[in-house]
Amino acid sequence: MLKKKLSRMIQSAVGKAIASGSLKIDKLPSLTIEVPKNREHGDLCSSVSFNLAKQTGRQPEEIAGVILDCLETGDGGSVKFIKKKEIAGRGFLNFFIDESYLRQNLLEIVSEGGGYGSSDSGKGKKIQVEFASVGPTGPIHIGHARGAVVGDALGNILKKSGYETVKEYYVNDVGTQIDILGKSLKARYCELCGLAPAIVENGYEGEYLKDIAGRLKEKHGSGCLEKPPDFFSGFAVEQILECIKKDLSDFGVVFDSWVTESSLYSTGKVAKAIDTLKEKGFTSLKDGALWFNLRQDKGAEEGQEDRENVLVRSTGTPTYFASDIAYHSDKYNRNFDAIIDIWGQDHHGHVQRVRNAVSALGYDPSKLEIILYQLVSLSRKGSPVRMSTRRGEFITLREVMEEVGSETIRFFFLMRKSSSHLNFDLELAKEQSMESPVYYVQYAHARICSIFNEASNKELQIAKCPKGIHSDKLQNANLELLKDDIEIQIMKRLAFFPDEIAEMAVSREPHGLTVYAQEIAGLFHRFYTDHRVISDDRDLTLARLTLVKAIQTVLAGSFGLMGISPKEKM
RNA sequence: GCGCCUGUAGCUCAGUUGGAUAGAGCACCUGCCUUCUAAGUAGGUGGCCGCCCGUUCGAAUCGGGCCAGGCGCACCA
């Protein structure tokens with residue numbers, strides 16, 4: 001990673017300056033390396049001198065000079081990294097990457113293939129991402145899909161960055177809503193059997209329940225009328241969960257682990273969590289119910305107010321809150337270094353009390369990171385489409401997948417940071433499809449594939465896209481021939497791919513994937529317009545094929561993280 | 001009322017965690033195909049970064065106060 005590499009170099013330079021007495025500070029300042037907006041300011045830059053100036057009372061420019069004097073750009077490797085370094089803007093340190101380093105990197109991209117972009121920045125750390133945990137009371141709808149996309153992509157990014165990552169789905173298969181679901185199913189079933197259905201208060205009314213009732217009748221005839229409520233809710237959950245799993249996998253979202261709420265009950269984890277809270281004195285009885293109340297002397301995070309929440313209802317059944325505490329306790333016991341929950345913004349009221357409960361149990365609350373994604377408002381031709389699972393008014397993920405395609409949905413949902421509101425217009429997504437950024441990036445990939453097809457036709461004997469590249473031919477290409485401005489620019493941006501991924505892993509924000517992919521695609525399209533890859537000049541052809549192969553590799557790599565499959569032809 | 005999120009070009013949004021002259025796409029003008037895909041590309045128009053204070057070498061970014069929009073405040077999940 002370029003930034004890390006330079007950061008280490010500057011760090012040791014500062015260390016050297018301290019040792020030699022030319023710099024007098026007690027602690028190293030936080031060191032951030034950036035890519036300057038203005039190309040004249042180099043490829044990488046740092047503003048450490050400004051921070052150090054504050055500590056030492058000296059001029060930034062002077063400090064910058066001291067650091068540069070101690071900086072060793074040789075860095076021991078065989079390939080030179082920094083070509084030029086300078087002080088500008090009254091103290092900024094600007095660095096220019098040597099082209100030979102970029103050319104070397106190009107070969108690495110081609111030989112690493114799909115592995116390029118990986119890093120070990122998360123090595124040895126175990127991390128869990130739980131997302132898309134939609135209760136099995138109805139089909140997964142388009143609003144939920146945002147959480148699914150964000151979580152999936154983030155999980156992919158973390159894995160790529162070397163974290164041991166578990167993508168998990170939590171199934172709320174017990175509770176009041178599940179009981180109501182069972183009753184609602186029974187009502188539909190009674191209808192099918194020619195009986196008057198019981199009226200279910202706040203019952204689910206979606207069409208899908210009629211289908212499930214139909215399947216129940218098909219399987220058992222009218223023989224289930226006397227079955228207990230559990231039977232109906234169990235059947236409904238089983239059917240709906242199967243449908244959710246199918247939807248998600250068709251959407252390209254894959255989980256490593258599924259945990260059911262019911263299992264937390266059957267293994268006694270819920271009871272244990274409640275008992276522990278009781279023992280530690282975080283509970284009280286009021287109106288026949290057991291409440292969680294935060295005590296400021298224990299576990300309370302600073303600046304919080306006392307809050308009370310019901311753990312066990314006066315009826316004796318624990319609430320969702322209780323089982324969620326047990327679930328988080330279970331997560332902590334699995335020894336993750338970080339636990340990431342991805343929830344819809346509508347659950348934000350739940351955030352603080354879960355954090356409170358977790359710290360009440362004695363766990364480190366800083367390990368729990370809750371990402372709230374803003375809800376998706378769906379519209380069609382500008383007019384809003386309201387959704388409610390209970391009333392059965394919703395647009396399902398499957399419907400939208402069939403209408404606009406899963407890749408468009410995924411790309412769209414990754415284009416905005418998760419804290420931004422997102423309006424998804426069905427008609428617009430379709431209409432724009434020809435002009436959309438999804439096609440823009442796909443088109444770049446497809447064009448490259450086309451070049452390789454042509455190359456194989458032209459007796460160059462370069463393998464076809466995308467597999468089986470004869471990398472030895474490309475490895476021997478004379479990359480010195482890549483010297484046009486746009487070629488250098490492309491090599492630079494490709495070299496930053498590992499940095500980009502590592503940064504997204506740290507910020508937990510996968511939306512940079514779309515930004516980066518569009519940028520690479522844009523550079524390629526510019527290159528493609530002005531330069532021919534395949535020409536009579538065999539050496540230049542090989543060099544450019546290597547460049548283009550690297551672009552293709554990186555594009556496909558970013559698509560993979562987004563969960564989008566690269567197109568070979570359009 | 002309390003809490004969370006958002007406010008950047010006409011529209012949809014980026015903005016490297018406080019850096020140097022704020023960027024894309026769409027839309028609107030003007031160019032570029034005998035060639036590996038024009039689903040592309042070059043250029044132009046377009047900005048009190050919601051408003052006001054503050055913090056400092058430096059603010060779209062951090063803090064406070066307003067204004068506007070979205071969402072949440074159950075013995076639901």
Side-chain angles (χ1 to χ4, degrees), chain A residues 3 32-38 40-41 45-47 50-51 53-54 59-60 88-92 94 133-135 137 172 175-178 180 202 261 286-291 305 309-315 317-321 323-324 344-352 372-375 377 390 415-423 425 428 432-440 442-444 446-455 457-458 496 499-500 503 506-507 511-512 514-515 518-519 521-522 524-535 541 544-545 548 569-570:
Chain A
K3 289 184 182 177
T32 55
I33 305 295
E34 298 166 67
V35 177
K37 277 180 278 197
N38 191 331
E40 287 168 21
H41 296 150
C45 70
S46 170
S47 56
F50 288 90
N51 301 323
K54 199 171 290 174
Q59 290 302 311
R90 295 192 309 280
F92 287 96
N94 295 341
S133 301
V134 180
T137 54
N172 301 119
T176 315
Q177 293 308 318
I178 298 297
I180 293 173
N202 290 325
E261 188 178 359
K286 199 171 81 186
D287 303 329
L290 186 73
W291 299 70
E305 287 169 24
N309 297 283
V310 172
L311 292 165
V312 183
R313 299 183 185 90
S314 49
T315 58
T317 44
T319 57
Y320 166 84
F321 181 40
S323 51
D324 215 23
Q345 149 77 16
D346 53 340
H347 286 65
H348 94 266
H350 193 50
V351 172
Q352 198 54 58
L372 299 176
Y373 63 90
Q374 293 299 312
L375 301 179
S377 42
R390 190 167 297 157
M415 281 205 304
R416 290 141 178 79
K417 55 181 180 235
S418 42
S419 62
S420 286
H421 296 268
L422 172 59
N423 183 21
D425 192 291
L428 211 62
Q432 273 191 346
S433 65
M434 287 305 172
E435 295 289 333
S436 104
V438 193
Y439 286 79
Y440 184 80
Q442 287 282 19
Y443 187 47
R447 271 181 151 177
I448 294 171
C449 290
S450 186
I451 292 171
F452 277 95
N453 279 327
E454 182 67 16
N457 294 338
K458 286 251 170 101
F496 276 104
D499 288 85
E500 295 280 347
E503 278 166 31
V506 170
S507 68
H511 85 286
T514 57
V515 179
Q518 289 180 85
E519 197 186 341
F524 168 74
H525 287 310
R526 266 173 64 197
F527 164 78
Y528 183 91
T529 304
D530 298 336
H531 301 76
R532 278 200 63 81
V533 173
I534 298 166
S535 66
T541 300
R544 287 190 171 157
L545 279 173
V548 153
K569 211 190 269 182
M570 287 174 75

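In what follows, chains are A, B, ... by sequence order, proteins preceding strands, each numbered from 1.
- Taking atom C1' on both nucleotides, B:C53 is separated from B:U17 by 24 Å, rounded to a whole Å.
- Note on A:R447: a side-chain N or O is less than 4.0 Å away from OP1 or OP2 of B:A38.
- When distances are taken from the side chain of A:Q177 to each of B:C76, B:G70, B:A39, the shortest belongs to B:C76.
- Residue A:R526 places at least one side-chain N or O under 4.0 Å from the OP1 or OP2 atom of B:A42.
- Straight-line distance between the P atoms of B:C51 and B:U8: roughly 10 Å, to the nearest whole Å.
- Looking only at atom types and distance, the side chain of A:Q177 has no donor-acceptor partner in the side chain of A:T137 under 3.5 Å away.
- In this structure, A:D287 contributes its side chain and A:A289 its backbone to no donor-acceptor pair below 3.5 Å.
- Between B:A77 and A:T176, a contact under 4.0 Å exists linking OP1 or OP2 to a side-chain N or O.
- Here B:G23 presents its P atom at 18 Å from CD of A:Q518, a figure rounded to the nearest Å.
- The structure places CG of A:N309 at 7.5 Å from CH2 of A:W291, a figure rounded to the nearest 0.5 Å.
- Atom name C1', nucleotides B:C52 and B:A60: the rounded distance is 16 Å, in whole Å.
- If you check every strand for non-hydrogen atoms under 4.0 Å, A:N38 touches a base.
- The gap from the P atom of B:C33 to that of B:G50 amounts to 43 Å, rounded to the nearest Å.
- When the P atom is used for both B:A27 and B:U41, the distance is 13 Å, rounded to whole Å.
- In this model, the phosphate group of B:A39 is not approached by any side-chain N or O of A:Y439 to a distance below 4.0 Å at OP1 or OP2.
- Contact annotation: A:S418 does not reach the phosphate of B:C5 (side-chain N/O to OP1 or OP2, under 4.0 Å).
- A close approach under 4.0 Å does occur between a side-chain nitrogen or oxygen of A:S419 and OP1 or OP2 of B:U6.
- For B:U6, the OP1/OP2 oxygens have no side-chain nitrogen or oxygen of A:K417 closer than 4.0 Å.
- Summarising the geometry, the separation between CD on A:Q374 and C1' on B:G72 is reported as 11 Å, rounded to the nearest angstrom.
- Using a 5.5 Å limit on the distance between ring centres and a 30° limit on the angle between planes, the aromatic ring of A:F92 counts as stacked on the six-membered base ring of B:A20.
- Counting distance only, with no hydrogens placed and no angle test, the side-chain atoms of A:E454 and the base atoms of B:C36 include no donor-acceptor pair under 3.5 Å.
- For B:U16 and B:A59, the P atoms lie 16 Å apart once the distance is rounded to whole Å.
- Pairing of B:U16, defined by two Watson-Crick or G-U wobble distances under 3.5 Å, is not identified with any nucleotide.
- The listed nucleotides are B:U17, B:A20, B:U41; the one nearest the side chain of A:C45 is B:A20.
- For A:H511 and B:G15, the shortest distance from a side-chain N or O to OP1 or OP2 is below 4.0 Å.
- Between the CD atom of A:E34 and the P atom of B:G58 there is a distance of 18 Å, rounded to whole Å.
- Aromatic ring pairs are classed by plane angle as parallel below 30°, tilted from 30° to 60° and perpendicular above 60°; the pair A:H350 and A:F321 is perpendicular.
- Here the OG1 atom belonging to A:T514 is positioned 13.5 Å from the OH atom belonging to A:Y440, to the nearest 0.5 angstrom.
- For the C1' atoms, the distance linking B:A24 with B:G63 amounts to 31 Å, nearest Å.
- Side-chain proximity of A:R416 to the nucleotides B:A20, B:G3, B:A14 is greatest for B:A14.
- Neither OP1 nor OP2 of B:U35 sits under 4.0 Å from any side-chain N or O of A:R532.
- Judged by distance alone, with hydrogens and angles left aside, A:H348 brings a side-chain donor or acceptor within reach of the base of B:G3, the pair sitting under 3.5 Å.
- Aromatic ring centres of A:Y528 and A:F524 lie closer together than 6.0 Å.
- A:R544 has its CZ atom 12 Å from the C1' atom of B:C36, to the nearest Å.
- When each of B:U16, B:C71, B:A14 is scored by its nearest atom to the side-chain atoms of A:L375, the top-ranked nucleotide is B:C71.
- Between the side-chain ring of A:H421 and the base of B:G70, no stacking contact exists by the 5.5 Å and 30° definition.
- Separation of the C1' atoms belonging to B:C26 and B:G64 is 38 Å when rounded to the nearest angstrom.
- Residue A:P318 comes nearest to A:R313 through the heavy atom pair O-NH1, 3.2 Å, listed as atom of the first residue, atom of the second, then distance.
- Not one side-chain nitrogen or oxygen of A:K37 sits closer than 4.0 Å to the OP1 or OP2 atom of B:U21.
- Phosphate contact (OP1/OP2 of B:C26, side-chain N/O of A:Y440, threshold under 4.0 Å): absent.
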